[in-house]
Amino acid sequence: MARRYEPAVFEPKWEEIWAAEGLYRASEDPDDPRPRFYALDMFSYPSGDLHMGHAEAFSGGDAIARYEAMRGHNVLHPIGWDAFGLPAENAAIKRGIHPKEWTYTNIEQQRRSFRRLGMSFDWQRQLNTCDPGYYRWTQWLFLQLFERGLAYRKAASTNWCPNDQTVLANEQVVQGRCERCGAVVQRRELTQWFFKITDYAQRLLDDMDELTDWPERVVTMQRNWIGRSEGAEVTFEIAETGEPVTVFTTRPDTLWGVTFFVFSVEHPDVERLATLAGTWDQVRPLVEKVRSTPLTIREEADTKEGVALGVHVVNPVNGERLPVYVAPYVLMEYGTGAVMAVPAHDQRDFEFARQHGLPVRVVVQPDGADPVDPETMTAALPHEGVMVHSAPFDGERSPASIAKVTTWLEREGRGRAAVTFRLRDWLISRQRYWGAPIPIIHCPADGLVPVPEDQLPVILPEDVDFRPGGESPLARHPAFLNVDCPVCGGPATRETDTMDTFVDSSWYYYRYCSPDDEQRAFDPQSVARWMPVGQYTGGAEHAILHLLYSRFFTKVLYDLGLVPFTEPFPRLMNQGQVIYDGARMSKSKGNMVAPMPIVERWGADTVRLTMLFAGPFEDDIDWKLIAGDPDRRPAVHAWLGRVFNVVDDAAGASGDEPEGLRRATARAVKGVTGDMERFRFNTAISKLQVLTNEMRAALDGRGGAREAAATLALLLAPFAPFAAEELWREVLGNPESVHLQSWPTFDPSLVVQDTVTLVIQVNGKVRDRVEVPADIDEASALALARASENARRAVGEGRVVKEIVRAPKLVNLVAQG
RNA sequence: GGGCGAGUGGCGAAAUCUGGUAGACGCGCAGGAUUCAGGUUCCUGUGUCCGCAAGGACGUGGGGGUUCAAGUCCCCCCUCGCCCACCA
């Protein structure tokens, strides 16, 4: 009588037993001989119950954590909540409840769901970024940066919604409109807090060597985001005033082709120079237009608009007097906010020149092309070739000449080699309620005063009208706002902005190492024992922001002497997205599929296996394609049913294990282990299915399969922890949890093939296959090939002119005629 | 416009790192068995075409190349996806 597969019965049972047994607690015992392994999943944003993305990501992360534990590691596998943030406020406003209530309700729901899914988390280390015991240390870290000049205030352009009366993140601006209310977004200059990540730009690039197991595309995205450009700074001179004005260029070899000069609309000298030249009336409308256009719209504009400033610059290499323009295509945020324009060799400059009737001068003659008439050019030329009209550099190869020209500029005192980064400082202040307050006091006498450490945390008050109203909601809370200055004791006010939630998430993985420490952010000794992280798992949508910020934080902590390493996550794995019918799941499309109802109906193991078996972990999963009809029994559920039957039969069978099955078991152990090392969960599971089929065949042949059954339960444990446990303890009768067992090993002699298939080809086409001993010699293999009827027929009248022998796998007869 | 990645059966995918039997495993489908019944379970078959079969031809987006041999390596092109996008 076969045992029925009833996950609805045994999954909740094991959930309780595992919790009672404390199965997944990481050991801090320094005498624990096991090597440590930190299996980290990106923590969860509690915006509701778990969604499919969670199920996918955590199924993979949990498989790794369980596998590493069975491999003999003392595993740290924690979970926490990225609990601050705007969605909590928006949802709370919509429902008329407090963001805290909404957040904690969701956390409790997600916590239950994670447990129901069988995630092997060490729940004693659970952390929550909106807990004062956590954000106290977020504030402490802010102060560490502040004291070293890495946190500072400056005026910046921001997206402003006139309806909601708040600043918006770029992500919240959709086609120039507020994503919440649809109002056209404005731009506003506001004084904001920044972290000086640009100080670390070069190190963030250099240390990429240490990211040994990151997806290449994530590294590339970060490299592009940092955007290092090598070139030169060249100093021009305003002809009318004699003042210097510097530009950055990657192509100093084209300096002789400069025919005009452009300032960014936001350049601080524009108004003064325009007033001086009497052009302010013409320039001003453009300046005001750009200032009122949201940042996201401006980036999409492609017009070559601009106006003449009425002043001129002198080109330092040839003394030419060139007109100066103001144009939005020059960005204030990059380089110096001013550019030298080389229309012959830069497409943007070329289009601007055509629009405004400016001259074009070719200074690099492309190889193999006839000299071009600048009048008839339709696009900028590539600048690879020979320099012309560039005395004293005529005839030099370009771009090889860049270094030479730069050296010359330095000698002549007209410029110098320079490096520019695209990376900008990290704007961390938010005029929002639901975040960690910035621990700064504004004193009329003492300026910006850090809150003394012994007064941390600066508690986020709960009795706040948190609806957006044109300023931070905390500014409307007098008891929070008004304080005595810690330095002079006089009346002062608190900073009312809160921190970006990415600050919270930039250090949470440190806190896991000593989550209850009330004396410090983390215990450096515990961190030194657990970190760097053994494997980090999470979504590719964090390729830049979270992962870059965390790398930055780690370098700051290293400089503070708090951690002995410079990269927190040397190994990173991104899961793919779960989509539906080719499209992203979303409420507005009405194509959301939630994991927990499927868990209810088919079990947690089915959800986990469906995710992991669907394809490579990093590939997207189209739920409609892999799950099909939601009422149909999932394929992996049916397989688990077969597993239960076959293991149950094996437990009752008394025969000897056939040699073929022993070999199949060894092959499975070898194959699954290799797949686990490369996170090939889909092929690992397929190998377990092969073993299941082999066991069935052996049992039908009246053989035993007890060894295979035990091995199957062990190999199944990382993927389907409930089923593996039920099989291990209940069906096979073992007293101790399968999740405390060692990963199986195999006898290498069992995976050695005695016979292999010798493939016989004629002119590269397979004509015959023969089973041969694995140690067959070349002469015998060749003799078999020559003797093959099929091969002979294929050779026909032809003559064999060459024989390629790769014993024992292949012989290729090359025939002619 | 730039960068990165991917195109293999009706479908999800193997094999690609290391050139050597293309399509493992699973879904679906077809036929059969069991069942009062089944959206159950089990068995068999399943790349396309020709053939009763043996066997043969074709086949990894398209074109070219290297090689005894290419899904795999090289060059060009097409399509799709993702990211960045006036970065001087």
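Labels below follow one simple rule: chain letters A, B, ... track the order of the sequence lines, proteins then strands, and each chain is numbered from 1.
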query = According to a strict under-4.0 Å criterion, is A:R422 in side-chain N/O contact with OP1 or OP2 of B:A85?
reply = yes
Nearest-angstrom distance, C1' atom, B:U79 to B:G23 = 23 Å
query = B:U72 and B:A22: how far apart are their C1' atoms, nearest whole angstrom?
reply = 11 Å
inquiry  = Using atom C1' in both nucleotides, what's the gap between B:G31 and B:C82 to the nearest angstrom?
reply    = 44 Å
key: Spacing of A:L813 atom CG relative to B:A69 atom P, expressed in whole Å   = 14 Å
request  = Report the nucleotide, chosen from B:A85, B:G20, B:C17, that has the shortest atom-to-atom distance to any side-chain atom of A:L810.
outcome  = B:G20
ask   = Side chains of A:E230 and A:T250: donor-acceptor distance under 3.5 Å anywhere?
value = no
query = Do A:Q202 and A:R228 have side-chain N/O donor and acceptor atoms under 3.5 Å apart?
reply = yes
inquiry  = Tell me whether the side-chain N/O atoms of A:K765 come closer than 4.0 Å to OP1 or OP2 in B:C58.
reply    = yes
key: Protein-nucleotide distance (A:Q347, atom CD; B:G2, atom P), rounded to Å   = 11 Å
ask   = Does the side chain of A:S686 get closer than 4.0 angstrom to OP1 or OP2 of B:A13 through an N or O atom?
value = no
Identify each atom pair where a protein N or O and an N or O of nucleotides 51-56 of chain B are less than 3.5 Å apart, giving names and distance.
unit_1, atom_1, unit_2, atom_2, d
B:G56, OP1, A:R767, NH1, 3.4

ask   = Which way is the base of B:G9 turned, syn or anti, if we draw the line at 90° from 0?
value = syn
ask   = Rounding to a whole Å, what distance do you find between A:F421:CZ and B:C84:P?
value = 20 Å
task = Indicate whether the side chain of A:S398 and that of A:R251 have a donor and an acceptor atom separated by less than 3.5 Å.
result = yes
inquiry  = Students often get this wrong, so: under 4.0 angstrom with heavy atoms, is A:N812 touching a base, only sugar-phosphate, or nothing?
reply    = base
task = Can you figure out which of B:A88, B:A14, B:C27 approaches the side chain of A:Y334 most closely?
result = B:A88
request  = Determine the Euclidean distance between corresponding C1' atoms of B:G51 and B:U34; express it in Å to zero decimal places.
outcome  = 35 Å
query = Judged by modelled atom types alone, do A:Q347 and A:E351 share a side-chain donor-acceptor pair under 3.5 Å?
reply = yes
task = Tell me, please, which residues at least two apart from A:D619 pass salt bridge (Lys or Arg N to Asp or Glu O under 4.0 Å).
result = none
key: Sugar-phosphate only, base, or nothing, as touched by A:N763 at under 4.0 Å among non-hydrogen atoms   = nothing
message = What contact category does A:R680 fall into here, base, sugar-phosphate, or nothing, at under 4.0 angstrom with non-hydrogen atoms?
response = sugar-phosphate
request  = Between B:G56 and B:U18, how far apart are the P atoms? Round to whole Å, please.
outcome  = 34 Å
request  = Tell me what A:L625 touches on the nucleic acid: a base, only sugar-phosphate, or nothing, going by heavy atoms under 4.0 Å.
outcome  = sugar-phosphate
inquiry  = Heavy-atom nearest nucleotide on RNA chain B for A:A638 versus A:Q761: which residue maps closer to 5'?
reply    = A:Q761
query = Roughly, in whole Å, what's the span from CD1 in A:I621 to C1' in B:C11?
reply = 15 Å
request  = Could you work out which one of B:A13, B:C4, B:A88 sits closest to the side chain of A:L331?
outcome  = B:A88
request  = Name the pairing partner of B:C4, where a pair is Watson-Crick or G-U wobble with both distances under 3.5 Å, or state none.
outcome  = B:G81
inquiry  = Other residues, nucleotides and ligands only: do more than 12 of their heavy atoms fall within 6.0 Å of CZ on A:R354?
reply    = yes
query = When we call it a touch if two heavy atoms are under 4.0 Å apart, what does A:R217 touch: a base, just sugar-phosphate, or nothing?
reply = sugar-phosphate
request  = Establish, from distance only, whether the side-chain atoms of A:N693 and A:R696 form a donor-acceptor pair under 3.5 Å.
outcome  = no
inquiry  = Any strand counts, and the cut-off is 3.5 Å on both contacts for Watson-Crick or G-U wobble. Which nucleotide pairs with B:C27?
reply    = B:G10
query = Checking all strands, does A:E803 fall into the base, sugar-phosphate, or nothing category for heavy-atom contacts under 4.0 angstrom?
reply = nothing
message = Test your reading of the model: is there a side-chain donor-acceptor pair from A:D253 to the backbone of A:P399, 3.5 Å cut-off?
response = no
Nearest-Å distance for atom pair CG/P, residues A:L782 and B:C68 = 18 Å
task = From the options B:A88, B:C68, B:A13, select the nucleotide whose nearest atom is closest to the side chain of A:V814.
result = B:C68
key: Pairing partner (Watson-Crick or G-U wobble, both distances under 3.5 angstrom) of B:C68   = B:G20
key: OP1 or OP2 of B:C68 under 4.0 Å from side-chain N/O of A:R806   = no
message = Going by purine N1 to pyrimidine N3 plus the second Watson-Crick contact, or the G-U wobble pair, all under 3.5 Å, which nucleotide sits opposite B:A57?
response = B:U48
query = Watson-Crick or G-U wobble partner for B:G38, using a 3.5 Å limit on both distances?
reply = none
task = Specify the separation, in whole Å, of atom CZ of A:F644 and atom C1' of B:U41.
result = 17 Å
request  = Give a yes/no answer on whether the side chain of A:K809 brings an N or O atom under 4.0 Å of OP1 or OP2 in B:G20.
outcome  = no
inquiry  = Regarding A:D349, tell me which of base, sugar-phosphate or nothing describes its non-hydrogen contacts under 4.0 Å with the strands shown.
reply    = nothing
task = Using a heavy-atom cut-off of under 4.0 Å over every strand shown, decide if A:T757 touches base, sugar-phosphate, or nothing.
result = base
key: Stepwise side-chain hydrogen bond (donor to acceptor under 3.5 Å, both in side chains) test for A:T246 and A:E233   = CA-CA 6 Å; A:T246 300; A:E233 282 182 1; 5.6 Å; no
task = Tell me, with the steps shown, if A:D605 and A:L716 meet side chain to side chain contact (heavy atoms under 4.5 Å, CB included).
result = CA-CA 10 Å; A:D605 286 336; A:L716 189 61; over 6 Å; no
Options B:U21, B:A88, B:A13, nucleotide nearest the side-chain atoms of A:S229 = B:A88
inquiry  = Is it true that A:D648 and A:Y5 share a donor-acceptor pair across their side chains at a distance under 3.5 Å?
reply    = no
ask   = Among B:A13, B:G28, B:C42, which is the nearest nucleotide to the side chain of A:R642?
value = B:C42
query = On RNA chain B, nearest-nucleotide positions of A:N224 versus A:N693: which is more 5'?
reply = A:N224
task = Using the P atom on both, measure B:G65 against B:A53 and round to a whole Å.
result = 37 Å
ask   = For atom C1', what is the distance between B:G47 and B:A30, given to the nearest Å?
value = 16 Å
note = pair_partner(B:A15), Watson-Crick or wobble, both distances < 3.5 Å, evaluates to none
inquiry  = Within the 4.0 Å heavy-atom criterion, would you say A:I626 contacts the bases, only the backbone, or no part of the nucleic acid?
reply    = sugar-phosphate
query = When we call it a touch if two heavy atoms are under 4.0 Å apart, what does A:F613 touch: a base, just sugar-phosphate, or nothing?
reply = base
key: Nucleotide nearest A:T220 when distance is taken to its side chain, options B:A14, B:C86, B:C4   = B:C4
ask   = Taking the six-membered ring for Trp, are the ring centroids of A:F617 and A:F679 within less than 6.0 Å of each other?
value = no
key: Interatomic distance, A:E6 CD vs B:U40 P [rounded to whole Å]   = 17 Å
Pairwise C1' distance, B:A54 and B:U16 [rounded to whole Å] = 34 Å
query = Rounded to whole angstroms, how far apart are CH2 on A:W623 and P on B:C11?
reply = 20 Å
